[in-house]
Amino acid sequence: MATSYDAIVIGAGHNGLTAAAYLARAGQKVLVLERRGLVGGSVVTEELWPGFKVDTAAHRGQLAGEIVRDLALGRHGLVMLPGVASLFSPLPDGESLWLSTDPVATRDSLQRHSPADAARWAAFTARLDQVAGLLREAYALSMPAVPDIPAGDLPALARLAWHWRGLGKADMLEVLRLLPMSARELLDEWFESPALQAALAALGVQGLRQGPLSAGTAFLLAHQWVNHGGPFKATARGGLGQITAALASAARSAGAEIRTGAEVTRLLVEDGRAVGVVLADGAELRAQRLVSALDPRRTFLGLVDPFALDPEFVRAVQNIKLRGAFAKVHLALAGLPQFKAVAGGLGPAPLRGVIHIGPSLMDLERAYDDAKYGRPSQRPWLEVTLPSVADPALAPDGQHVMSIWVQYAPYHLQDGDWDTQREALGDRVVRTLAEYAPGLEGLIVQRQVLTPLDLERTFGLTEGNVYHGEMMLDQILFMRPVPGWAQYRTPLEGLYLCGPGTHPGGGVSGLPGRNAARQLLKDLQDRA
Amino acid sequence: MATHTYDAIFIGGGHNGLVAAAYLARAGKRVLVLERRHVLGGAAVTEELYPGFKYTVFSYVVSLLRPEIIRDLDLPRHGLKILPLPSTFTPLPNGDYLAAWDDHDQTRRELYRHSPRDAEAYDDYGRQMFRMAMAVRPILNMVPPDPASLSPNDLLGWLRLGGHARGLSRADFHNLAKLMTMSAADLLDEWFECEPLKGTKSASGIIGTFLGPRSPGTAYVLLHHYMGEIDGVFRAWGFAKGGTGGISNALASAARAAGVEIRTEAPVAQVIVKNGRAVGVALENGDELSARYVASSLDPKRTFLALVDAQHLPGDFVDAIRRFKIRGSSGKVNLALDALPNFTALPNGPDGQALLHRGAVSISPSVDYIERAFDEAKYGRFSRRPYIDCIFPSVIDPAMAPPGRHVMSCFVQYAPYALEGGWNDAQREAFGDAVVDTLAEYAPNLKQIIRHRQVLTPLDIEQMTGLTEGNIFQGELALHQLFFLRPVPQWAQYRTPIANFWQCGAGTHPGGGIMGASGRLAALEMLKDWK
Amino acid sequence: MLPGTPFHSRTAPLNQGQNWRRWAGYLAASAYDLSPEREYWAVRNTAALFDVSPLYKYLISGPDAARLLDRIVTRRIDRCAIGQVLYTPWCDEAGKVIDDGTVARLDEQTFRLTSADPNLRWLHQNAVGQRVTIRDVSASTAALALQGPHARLILQQVSPADFDQLKYFRLTHTRIDDIPVTITRTGYTGDLGYELWADAADAERLWDALRRAGQGYGLTPAGILALDVARVEAGLLLIEVDYQSARHALIEAQRSSPLELGLGWTVALDKGAFIGRRALAAEQARGPAWQFVGLEVEWKGLERLYAAEGLPPQLPATTVRASVPVAAQGRQVGYATSLTWSPLLKKLLALAHLESGSAQLGNLVMLEVTVQHQRRYAPARVVKTPFFDPERKKA
């Protein structure tokens, strides 16, 4: 006879672990099941080669502050690294743009590109902070079921509306106007420097199979602004995987049980109710509630007999857009790469933050053009991190690890398949990067290329989509994961979703996991 | 109180100006319309540019003219006849074609040939779009309420909208929310598998925009163009007898019958503003005319950046108008022909004609084709292989050409206003050649039967009609430029920061197409203001 | 030109008035004679031959075929024996009828579904992840309905199959003039009758063989007008006339559930999950708001209305497919959707939707009639359907 749990959480990524920790803290008997041999999902640091620790999926990000506080993650070993919050964009001509939290350095760098842009930077960040503040309020809530909003949701909505009106009329309309724009339209209104436009536009297309000219990319820019608390991206000491390690520790200490190497192959559904899971080894585990951190497509079309669901719901799930857009390349380096632009006298400081390779916004658009027709970008946009610069423990003495986010790499290729094109992609990335950091090739000790197909196989990201569903206007807020089911509940009673495929979506925020746990607990309370 | 020569002066004799003027005159006001050109109609004009051949120069079909305007102004009595355009024919590079005929069974059979599932999906899709159009229709007839205002009128507007939204089924509400935000390509991917079908349908999502069919926001434009189909009995979709100039003539006749005075070749130099109030206009010939209200049906940029001295406007309003996106993306080629083009996919019969000539011919073999056409435009080139929507006005209305001869109207996208290196005569002809070459791939006799060709680049459209950048909608139909954000936030209710100065063109809600709704709603607002 | 069916070369010369109507994009004879009356009487007195090829037909096969159909239709497919045919509606998630038709189990893993509307997309949409193949055989399958008291005698002339053993709603595979034919004991007339399914290429030979065999038995090619009268007498409903497909409806009020259509007997709430089950179970529990009933117009009342204008009752020559208000106690309680004069029963009959409160058997309601341009109400009684139900239908 199988043990029975209050809740089984499927998937030990940061959202699954967050949900598990909140549920366990509320006294629920929780079991977390992870397919891989280690926890972390897409927020994971792996020792790919002896002494080289690599953030194999997401390489920057931070949890929402309230989660860190609620779960006291500091006590579980989470330390966010100071001094990495910057964005460095070396340019082909040896020039560079370096944005950071240091206003003087940022202004000086901007000044060299455009005095007008330098003058508008503060106003721009203030505007985005304002938009992000508003989104942040909405992200803390379960989305109401529209159009028939239940009375219980009204107080939270009223708070949101109050915040909204607090913006003042002009700002309020400005926020509304901004979200459906393209990143290009938004940035054209503010800036003229191609380097600055490109660096910011990248926020609007990261992980998305859209270019910066596509409407709605201004929203993703704002969304990332919320998650990162601005344009700069954080990381944790010991690698981004320390976030999930701390979450796992917090969950365990609250009483949750975590099993790795336990792949769920099927959900047990009895009379319209999800009652348990079947593991790859055939074992059946039962629980009062199931909480899936997998993406909605995988959850409903992979783990559930479609006949257990209404055809229109199945159709809506099939229509969730989950197009893979990026690949990752990881390098073990014998020494620190020398960027032409850094030689100009900036020193290694810019290398602690994010290094952006993409000189102009239209370069990003051109990179997207390839992906649109099923080809990897000939000139990809790269987001590079060298975590061992700020955290030497991540690589053997004097050596370094490099993580490269490569965009665009479409999941569906027009010609050929990823298994045969993997290394060609790696070569192209290294070549591109070497234009900015000559001699890079000679430093490479090891290389790993993760194509969208590999991301799918390794991390369970359908089509390699890191957000579990594109962050586009028609797939956010009350339309996430599908319209009518934005409250983490599902048509199968007892089954909840808690992954980034649910509101408020992708990133390392952990908010979907927290919101889902809260919704589940509230439902239990309402029932009692 | 000062006495004015007129109650209201309307700048611009396009369809919105004429509609607004007619509504005011019907309410007993003394109204003057001033038109810069020698013909009325703005972008809805028919001109005999080659002896015997009448071109419907810019706009060419009527799809959205509001039924209440047809009724209120009794336009049929003033000569409005909307003739059917019964089919859409998409020739394909492989020598086949896809056609949608006016008969349901025929269309189903034709689609079935390409994809049995799409033949069925087509009906379901049509019904869904019909429901969506029904859901959006009331919005076309309302002044956009201000989301930040607590005034009774605005609250009432939101209540009406809210009540309307609650009247929708959950599924319809969700579908509408998605439709408003997604791309035409994604929407069509949810329904269809047949590329030519998706290509042809997606084309309605990009008309007048500077977006490709894969960009979010284009599904709404597709719906915007669908709107005409719900008022089926009015035959809102079709070809106006005499070309779109026929509509303008009917509107002008109705306006005159209501007492409107119309002056052509009377370009306005400036709106006269005194003490923050508009009091009249100054013509380019130096004449000054006074009126209680002045209204402009020109696009927002022309209205606020050219007709009005910037000192009368708040700085951030001017900034907002400058930011208003009004990129021109389409051109027009009009042809005078000795015969009808013979399409390889469905050759002409012994009478020198085929069924396809009664309707539209769409060069849109796939979504990728249109997306590629856009790719060129975004880098500042016109599409070498553009999307083209053709009709043959002389087949529908033989009076458009001498007996046995024909005119052909080709709407072409993309042709960016901001062409790399700028538009000149050589570029214009190269653009015209690209259009004719593209068409000739499907109808090889085309080049031999052309007698006269008129090529209009966005720059030509701007220079001839005054539409900034040649944008046919007086402002792109992008989500952030619709409803209470059109043309700019806080000024979506036809008023302007200058007292007694109004806007009534397609740059205001609900926007472009020969719809007339902007003019009508503006006139009704002006009348409400009249005390 | 609209295409004809596979029998067109045979039916066209018989059509004296070239009196065609459209049926699913094909030309279908309204009547071959200039008046449909003789064709109607063939159904009830001898035998009538209808070309029903425009029906949509799908072959669904594979290990999950039964499971898929059980998921879609309201009846129990798991209990459908090989060689059995079921009449069944199918619904959307809200339990509203999308279409109705028949499911014939040809073998363990193969079914033929017939329907009035195209359903290929719906079948595919529901077949996600199932081991089935779905083939649209609408155009490649010719279909004839041989209906009337002599139907069996005629088939016995041309086929070696044992028709005495072929029970109601069962099928047999046989040969006619060496053509492989599947014969189902089904029909749309409520009489003894069969439907024949064959390859479209063999259609003309099949028609000829039946015509030859039927010569001595009064076999009469018949059109849709005759069929329409017979089906009302049999109490059988017609999509887009008696109900609107949930798929076509623009508003909620245009949709009907099987319980509201008198098809409660087809709804197997006891089987596993099927589309619409939840909604139908709830509706069953609270009782449907509407009933679909037969109405018989009281002759004397009708006669009186006409007599007041100095006229004898004016009766429709064919089935009236229009919505007619039905009232009770001074307010509208429903509407009739099919109205026909039964030449056999000598009664004016209607199929009507009534609010459940007014739908009890024997209840008297008022049916709107137009008498000499005046709106009048004729008394009508709720009666059991089928109005006409001969023993031979199932014997």
Counting only non-hydrogen atoms closer than 4.5 Å, does [X] touch chain A with its backbone (N, CA, C, O), its side chain (CB onward), both, or neither?
X: B:Arg322; value: neither
X: B:Ala478; value: neither
X: B:Arg327; value: side chain

Looking only at heavy atoms and a cut-off of under 4.5 Å, which of [options] has the most pairs with chain B?
options: A:Leu473, A:Asn319, A:Ile476; answer: A:Asn319
options: A:Gly484, A:Gly216, A:Gly211; answer: A:Gly484
options: A:Ala316, A:Ala218, A:Ala215, A:Ser182; answer: A:Ala215
options: A:Arg366, A:Gln318, A:Gln475; answer: A:Arg366
options: A:Met479, A:Met472, A:Glu174, A:Lys372; answer: A:Lys372

Inset, instruction - Taking all heavy atoms of A:Met362 and all of B:Tyr379, pick out the closest pair and write down the distance. - result: CE-CE2, 3.4 Å
Legend entry - Shortest non-hydrogen contact from A:Gln210 toward B:Ser215: OE1-CA, 4.3 Å
Legend entry - Interatomic spacing from CG in A:Asp369 to CD in B:Glu371 - rounded to 0.5 Å: 8.0 Å
Inset, instruction - With rounding to the nearest 0.5 Å, note down the distance linking CG in A:Leu178 to CG in B:Leu485. - result: 11.0 Å
Inset, instruction - Decide, yes or no, whether a salt bridge links B:Asp186 with A:Arg323 under the criterion of side-chain N to carboxylate O below 4.0 Å. - result: yes
Inset, instruction - Could you tell me whether B:Asp189 and A:Lys321 make a salt bridge, using a distance below 4.0 angstrom between a side-chain N and a carboxylate O? - result: no
Legend entry - Winner by heavy-atom pair count (cut-off under 4.5 Å) against chain A, out of B:Thr181, B:Asn175, B:Leu211: B:Thr181
Inset, instruction - Go through B:Lys378, B:Arg323, B:Gln481 and name the one with the most non-hydrogen pairs under 4.5 angstrom from chain A. - result: B:Arg323
Inset, instruction - State whether A:Trp485 and B:Arg170 meet the cation-pi test: NZ (Lys) or CZ (Arg) under 6.0 Å from the six-membered ring centroid, and within 45° of the perpendicular axis. - result: no
Inset, instruction - Using the side-chain contact (heavy atoms from CB on, under 4.5 Å) rule, take A:Leu173 and B:Phe484 through it: C-alpha gap first, then chi angles, then the decisive distance, then the call. - result: CA-CA 9 Å; A:Leu173 288 168; B:Phe484 57 79; 3.8 Å; yes
Inset, instruction - Please state whether the side chain, the backbone, both or neither of A:Tyr368 comes within less than 4.5 Å of a heavy atom of chain B. - result: side chain
